[in-house]
A.B. asks: 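Pasting a structure below so you can have a look.
Keep in mind that what you see is a predicted model, and the values were worked out from it rather than measured. A note on names: the letters A, B, ... follow the listed sequences, proteins ahead of strands, and every chain is numbered from 1.
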Amino acid sequence: MGAPKREKRYAMAMDTKKCVACSACVLACKAENQVPEGFCRDWIVEEVRGAYPNLKAENRSERCNHCSDAPCVDACPTGASHYAEGGVVLVTHDKCTGCKACVASCPYDARYVHPEGYVDKCTFCLHRVKEGKLPACVTVCPTSSLTFGDLNDPESEISKLLASRDHKVLHPEAGTNPNVFFLS
Amino acid sequence: MKPELIEVVSNRTNPGIDPVVHVWGWEVPVYLFLGGLAAGIMVVLSAMELRSGERPTSRGTRWAPLAAVALVSLGMGALFLDLAHKLHVWRFYTTFQPTSPMSWGAWILMLVYPVLLLQGLSNLNGRERTWLSERLGPLGGLVGRVSAWADEQRRPVLWTTAATGVGLGIYTGLLLGTLSARFQWNSAVMGPLFLASGVSTGAALLLLLRPDAKEHAVLVRWDTAAIAIELVLLAVMILGFLTGDQADLVAANQLLGGAFTPYFWGLVVLTGLAAPLAMNLAEFKRRMPATALGPVLVLIGGFSLRTILVAAGQVTGYGLLP
């Protein structure tokens, strides 16, 4: 009998100090996942805070946060929205009725209705991850501002990054335990 | 404290999502209104008879449960039109998801049909049963057998109808109320509020179906009580928002100075609640005869409440927080 298999918890760290808002992640995602024209699964947010001349700018590459307490999974009436391997939140297209309860339930407005009728969003490129590859957005980032990995592995790059750098999640007050972290 | 936000630029322009969520159009409020209306009819008619022990005496109240079947069906038709993946509608019935009010609703609706049919068929008098069975062709024989069985089980049928009506009414509110990412819906009052609104609109519709004088007097009392409860629940909802966090204050502002203020106060509170309440009270004091205007205003108010809340909820999200 071997050691019990440890469950993975996939997460992403996004370094706001490195991001130059080039949108390469957005384009890579569109190409990899055949995202329909006019839609995106990830996007860039440029935020400026403060009072002139003391300004602070932050660039973020945002996407579904693959929350550990995902309201979209709770709201889904058919089980189409579910937790998959590593806690990744996925939508089974074949089970989705397009009722849009999950769209309304998402604090991050990360979902959209695909022109074919089902609800769609970031999958952390789980199809690539299962093949041992990284998500398309991570692979293509020219400043290496995106890090993907298993948070339950203390030796993973993402675990070490989060242990050593200040970080935040978006809207922690929503109480959804997001798995996308922003390094600052 | 975070430094003051000056500018946010996003390149996300997803249809139906940006700049604010607008995925639910007219179909959802129409469904919530018709579902609430049917729930109200179920609760009011059953409770009236359980209390008095007297069967419905007017044609309108006798046929009302079958009319409610038509209302629920129309509402479900609207809901079907709202689905983006229509061919997968059957997926609702291959599973039960206990955390999803929509899943509860799908199954409650399956219970609504048989209980309404049992109550409705049993409500009819002998002549009406004959009339109906003659028009149902090969299914006509069922009318007599089903209504005879429902006659024997009259009280259990009424209790089941009332309980199912309460479930249907509350669920239409919880459907929105559990989606806490939309600040306008994030209130525990939503379920009872929609039930109270459903009861008042149900009583209002029954008042329009020409009940006899005795039924009319009871229905006006139900209508008045439900309107009063609805006003209290709306006040509780707004006070809850006002005493809440930043997200709640966004919701409060929508109704107290924001974009939805004139519609909410004009159509829901004044037209749909205060005016018919005043008319009912005047009727009690015999200062004013009963007219169709009061019930019509209640129906307008009930539909407006759902339309305004569905619209206001979608635009209130975390994107509005600094």
A.B. asks: Counting only heavy atoms from other residues, nucleotides and ligands, does the tally under 6.0 Å from OH of B/Tyr318 exceed 12?
C.D. replies: yes
A.B. asks: Looking at A/Asp42 and B/Arg12, is any side-chain nitrogen of the basic one under 4.0 Å from a carboxylate oxygen of the acidic one?
C.D. replies: no
A.B. asks: Considering non-hydrogen atoms only, spot the tightest contact between A/Cys76 and B/Ser100 and give its length.
C.D. replies: O-CB, 3.4 Å
A.B. asks: Under a 4.5 Å heavy-atom cut-off, does chain A meet the side chain of B/Trp90, its backbone, both or neither?
C.D. replies: neither
A.B. asks: Heavy-atom distances under 4.5 Å only: say whether B/Gln314 touches chain A with side chain, backbone, both or neither.
C.D. replies: neither
A.B. asks: Listed by residue number, which members of residues 157-182 of chain A have a heavy atom under 4.5 Å from any heavy atom of chain B?
C.D. replies: A/His171, A/Glu173, A/Ala174
A.B. asks: Name the option with the most non-hydrogen atom pairs under 4.5 Å to chain A; the candidates are B/Gln97, B/Lys86, B/Gln246.
C.D. replies: B/Gln97
A.B. asks: Please list, chain by chain and in numerical order, all residues satisfying salt bridge (Lys or Arg N to Asp or Glu O under 4.0 Å) with A/Glu47, sequence neighbours excluded.
C.D. replies: A/Arg49, A/Arg60
A.B. asks: Restricting to non-hydrogen atoms, name the atom on B/Asn11 and the atom on A/Trp43 that form the minimum distance, rounded to 0.1 Å.
C.D. replies: OD1-CB, 3.3 Å
A.B. asks: Suppose a student defines contact as a heavy atom less than 4.5 Å from any heavy atom of chain B. Which residues in residues 64-72 of chain A would they list?
C.D. replies: none
A.B. asks: Let me know if B/Thr13 has heavy atoms under 4.5 Å from chain A in its side chain, its backbone, both or neither.
C.D. replies: both
A.B. asks: Answer yes or no: is there a side-chain heavy-atom contact under 4.5 Å between B/His88 and A/Asp94?
C.D. replies: yes
A.B. asks: Search all heavy atoms of A/Ala104 against all heavy atoms of B/Arg182 and return the closest pair with its distance.
C.D. replies: O-NE, 2.8 Å
A.B. asks: Considering only heavy atoms from C-beta outward, does the side chain of A/Lys100 approach that of B/Asp82 to under 4.5 Å?
C.D. replies: yes
A.B. asks: Determine the minimum heavy-atom distance between B/Ala181 and A/Ser105, stating which atoms define it.
C.D. replies: CB-O, 3.2 Å
A.B. asks: So which part of B/Trp104 gets closer than 4.5 Å to some heavy atom of chain A, the side chain, the backbone, both or neither?
C.D. replies: neither
A.B. asks: If I measure from the heavy atoms of chain A, does B/Val8 come under 4.5 Å with its side chain, its backbone, both, or neither?
C.D. replies: both
A.B. asks: Looking at chain B, which one of A/Val113, A/Val119, A/Asp109, A/Val26 has the largest number of heavy-atom pairs inside 4.5 Å, strictly under?
C.D. replies: A/Asp109
A.B. asks: According to ring-ring contact (aromatic ring centres under 6.0 Å, His included), who are the partners of B/Phe260, at least two apart in sequence or on a separate chain?
C.D. replies: none
A.B. asks: Compare every heavy atom of A/Phe39 with every heavy atom of B/Asn14, then report the nearest pair and how far apart it is.
C.D. replies: OD1-CA, 3.1 Å
A.B. asks: Find out whether A/Tyr112 and B/Pro15 are in side-chain contact, i.e. whether some heavy atom of one side chain is under 4.5 Å from a heavy atom of the other.
C.D. replies: no
A.B. asks: State, yes or no, whether a side-chain contact exists between B/Val9 and A/Val45 at a heavy-atom distance under 4.5 Å.
C.D. replies: no
